[in-house]
Structure formats: structure tokens, C-alpha cells
Number of protein chains: 2
Amino acid sequence: MNNKTSSDKGTDGASDLSDANGVREALNLLVGYHLRRASVYDLNGAVAALELAGARPITLSVLLCIVESPGRTSADICRNLGIKRANIVALLQSLEAKGLFLRSNDPTDQRIQRLYPTKQGVQTAQEWLELIRTHEERTLKRLSQAERAELRRLLQMIWEDDTSQD
Amino acid sequence: MNNKTSSDKGTDGASDLSDANGVREALNLLVGYHLRRASVYDLNGAVAALELAGARPITLSVLLCIVESPGRTSADICRNLGIKRANIVALLQSLEAKGLFLRSNDPTDQRIQRLYPTKQGVQTAQEWLELIRTHEERTLKRLSQAERAELRRLLQMIWEDDTSQD
DNA sequence: TATTGTTATACTCTATAACTATA
DNA sequence: TATAGTTATAGAGTATAACAATA
């Protein structure tokens with residue numbers, strides 16, 4: 001709790017409207033507002049960057065999970081990316097139709113499918129990644145390398161222990 | 001363009017899979033990924049924080065625009081917030097039904113309505129803002145005040161010249 | 001009982017097109 | 001011709017519930 005509440009009034013002579021304890025510059029001072037605007041801006045660019053390649057940001061994220069950690073299950077990837085199991089099905093079908101990974105039944109647990117990238121899957125991941133890196137260079141063009149690293153560090157501190165999941 | 005392309009192969013002895021020039025840690029190194037995860041995490045909290053008050057983050061943003069700059073038009077607010085004119089209609093109706101602002105026809109241009117906050121609108125903005133500030137304190141609990149200011153500065157540099165609009 | 005993969009579906013958010021009135 | 005406010009609607013993204021198979 002804070003020591004200033006919105007019911008504080010009459011203790012200062014300033015106008016209730018737009019004073020320092022009120023709403024003046026309020027939106028601009030909210031980190032969450034800038035977080036949202038920057039994320040939307042970046043995401044729009046990422047969508048555009050991957051469009052011609054027939055991919056979306058979430059598609060790339062899933063493919064990268066498979067390529068970086070061959071043998072993971074879809075439920076595991078969902079927990080990692082913070083998406084619902086129901087929503088990865090179509091994404092995997094799309095990647096599968098492009099021949100970018102293969103499903104393999106686990107011999108010791110017949111409920112799960114382990115996902116392994118194909119050679120083409122690895123190559124495609126690198127191509128999509130290059131598109132995203134070019135896009136990200138544009139998004140972050142005003143930031144130095146040090147600022148980019150610091151931004152990444154600060155953002156990670158915000159969400160890293162997100163416990164909300166399926 | 002970069003000097004490394006995804007078709008570079010055979011020039012190094014390392015594995016094509018998960019090497020430093022490839023996809024190793026690729027997702028984690030993308031600022032856009034952390035931007036998205038942090039934004040979603042924060043937004044979920046913001047929605048929850050405003051839920052009991054019957055507001056949403058976008059509702060608060062619109063109300064703050066009206067309270068901070070009385071007399072603005074809805075089209076102006078849309079440009080400011082990066083939303084479509086069509087989508088502010090319901091938001092304004094919601095705020096209007098709560099008696100938080102009034103519409104006033106402009107005498108010199110009969111196409112536009114100037115929006116003015118009511119006394120209750122100002123007070124409600126302060127109350128909703130307090131809810132969001134409490135939420136934001138939780139979101140940013142691991143960041144120092146200096147880090148929060150730096151994060152806000154870096155985020156603003158990303159989207160501040162977003163020219164995409166209606 | 002719990003988990004995996006899946007289907008169907010609802011809900012929210014955002015985008016597009018069209019319209020009237022006015023400039 | 002351009003802008004403001006509005007309506008209707010389409011689409012994408014995400015969430016919930018339920019199911020069969022397996023642990």
C-alpha cells in the first residue's frame with residue numbers, strides 16, 4: 001500500500017485536475033503502457049517480417065523450441081512458451097505440413113510424442129530467425145548494444161517467474 | 001543485411017544444430033520475445049487489477065486522455081493511443097454510461113465532439129490509477145526505481161515514432 | 001487421479017468497409 | 001476530397017470444457 005490515496009483532498013491548494021498527485025502525465029509514467037505500445041509495435045513488425053515466409057512469431061517460437069531441444073513434447077513446449085495445449089495443435093500441424101519436424105512415440109510413455117526437427121526444419125528455423133533478426137535490428141535501431149542487453153535483462157526480470165499456465 | 005547468412009555451411013566444423021551462429025539460445029536472445037512475454041504478463045495483471053472496478057486497461061487509457069486533456073476529440077484520442085476510431089465507440093459509451101465524461105458539440109466544426117471529464121470522471125480516474133499503480137508495483141517489484149525509469153525510457157525509444165494509424 | 005494430445009467452441013481484441021454529416 | 005463519428009462484421013488470438021488413451 002502507498003501513503004498517498006486518491007481520497008487525499010483538501011490538504012493541498014492545487015487543482016484536483018492534473019496535479020502531481022493526480023493524473024498529470026499519468027499514462028506516460030506507467031511502464032505498463034510503454035510495455036504494451038512497444039510490444040505491439042515490435043509484434044506488428046515481426047508479423048510483417050515473417051509473412052512472406054509463411055510464418056508467424058508464435059510459429060517461429062515453437063519451431064525454435066523443437067530445434068533447440070529436440071525430443072521435447074508439445075505439452076512441455078506449451079509450458080515453456082506460456083500457451084495453452086489446445087492452441088499448439090494447429091501450429092504443429094502447420095509446421096508438420098511443411099516437413100519441419102517429425103513426431104516420435106515415446107516407448108516408455110505412450111501418451112506423449114517427442115518432436116524432432118528435420119534437416120529442413122533446422123534450416124528453415126535459421127532462415128526465419130534471420131528475418132526476425134533483421135526486423136529486430138529495425139525495432140531497436142535507436143538503442144545501443146548495451147541498451148539492448150539491458151532492456152532484455154529488465155524485461156526478463158518482469159516475467160521470468162510467471163507461474164500462470166495451463 | 002548481416003555478414004552471416006543461414007546458408008553458410010561447411011565453413012566451420014561445428015554442428016549445424018544448436019551452434020553459436022545458428023539457433024542456440026536464439027529465442028532467449030530476442031528482445032522481441034521478452035517484450036511480448038513481459039507485456040502479456042503485465043497486461044494480465046492490469047486486467048485483474050481493474051476487473052473489480054469494472055474497467056480495463058484500454059478504458060483507463062481513454063479516460064486518462066480525457067481527464068489529462070479536456071476538450072479532446074475521440075479521433076484525436078485514437079491517434080494518440082494507436083487504436084481505430086471504430087473501436088473507441090463502445091469504450092466511450094461505457095465511460096459515458098458511468099457518467100465519467102460529457103460530450104460537447106464544437107461550435108466551429110459540427111463534425112466533432114469535444115470530450116470533458118465530469119468531477120466523478122476525474123475522481124474515478126484517480127481511483128483506477130491507484131489500482132494500476134499498485135499492480136505495477138507488483139510487476140516491477142524486482143526493479144529499482146532507476147531501472148524502472150531506464151526501462152520506460154528504452155521502451156519509449158522503440159515505439160515513440162510509430163506512424164501506423166487509422 | 002493426473003497428464004497428453006485433441007476437438008469444438010466461446011470470447012475478446014482488432015481490422016476493414018461502408019455510411020451520414022460536415023468541412 | 002477529406003475528416004468525424006458510427007455501425008456492422010470479419011478475422012485472429014486466446015480461453016474453457018470435454019474427450020479418449022495412458023500413466
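Within every chain, numbering begins at 1; the chains are lettered A, B, ... in the order of the sequence lines, protein sequences first and strands thereafter. Being a predicted model, the structure only gives us computed values, none of them experimental. When reading the values below, keep in mind they use all heavy atoms of this one structure, side chains included, and skip hydrogens, waters and symmetry mates.
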Sugar-phosphate, base or nothing in reach of B:Arg56, heavy atoms under 4.0 Å: sugar-phosphate

Atom pair distance, as rounded to whole Å: CG in A:Asp106 and C1' in C:dT3: 13 Å

Residue whose nearest DNA chain D nucleotide is more 5′ - B:Ala75 or A:Gly82: B:Ala75

Positive for side-chain hydrogen bond (donor to acceptor under 3.5 Å, both in side chains) with B:Gln123, one of B:Lys119, B:Gln120, B:Glu127: B:Glu127

Whole-Å gap separating P (C:dT16) and CD1 (B:Ile88): 18 Å

Base C:dG5 to side chain A:Arg111, donor-acceptor N/O within 3.5 Å cut-off: no

Phosphate OP1/OP2 of D:dA4: any B:Thr73 side-chain N/O under 4.0 Å: no

Whole angstrom value for the distance that separates C1' of D:dT3 from CD1 of B:Ile77: 16 Å

Name of the residue among A:Arg148, A:Arg152, A:Arg153 meeting salt bridge (Lys or Arg N to Asp or Glu O under 4.0 Å) with A:Glu150: A:Arg153

Residue whose closest nucleotide on DNA chain C lies nearer the 5' end, A:Ala86 versus B:Pro107: A:Ala86

Verdict with supporting geometry, B:Arg103 and B:Glu96, salt bridge (Lys or Arg N to Asp or Glu O under 4.0 Å): CA-CA 9 Å; B:Arg103 305 179 197 241; B:Glu96 192 176 31; 2.8 Å; yes

Parallel, tilted or perpendicular: ring planes of A:Trp159 versus B:Tyr33, cut at 30 and 60 degrees: perpendicular

Any B:Gln93 side-chain nitrogen or oxygen under 4.0 Å from OP1 or OP2 of D:dT7: yes

Spacing of A:Ile112 atom CD1 relative to C:dT6 atom C1', expressed in whole Å: 16 Å

Nearest-0.5 Å distance that lies between atom CG in A:Leu63 and atom CD in A:Gln126: 10.0 Å

Among D:dT14, C:dT7, D:dA23, the nucleotide that comes nearest once only the side chain of B:Arg36 is considered: D:dT14

Under-4.0 Å side-chain N/O to phosphate OP1/OP2 contact, B:Arg79 with D:dA4: yes

hbond_proxy B:Asp109 side chain to D:dA4 base (donor-acceptor, 3.5 Å cutoff): no

Separation between CG of B:Asn44 and OG of B:Ser39, rounded to the nearest 0.5 Å: 9.0 Å

Rounded interatomic separation in angstrom, taking CD from A:Gln113 and P from D:dA20: 18 Å

Sugar-phosphate only, base, or nothing, as touched by B:Arg72 at under 4.0 Å among non-hydrogen atoms: nothing

Closest nucleotide among D:dA15, D:dT22, C:dT6 to the A:Gln110 side chain: D:dT22

Pairwise 5' ranking along DNA chain C for B:Ile83 and A:Asp76, keeping only the more 5' one: A:Asp76

Nearest-angstrom distance from the residue atom CG of A:Leu43 to P of C:dT14: 12 Å

B:Lys84 NZ - C:dT12 P separation (whole Å): 22 Å

DNA chain D: 5'-proximal contact among A:Val47 and A:Thr108 (nearest heavy atom): A:Val47

Nearest-Å distance for atom pair CG/C1', residues B:Asn105 and D:dG5: 11 Å

Touch class at under 4.0 angstrom, heavy-atom based, for A:Arg103 against every strand present: sugar-phosphate

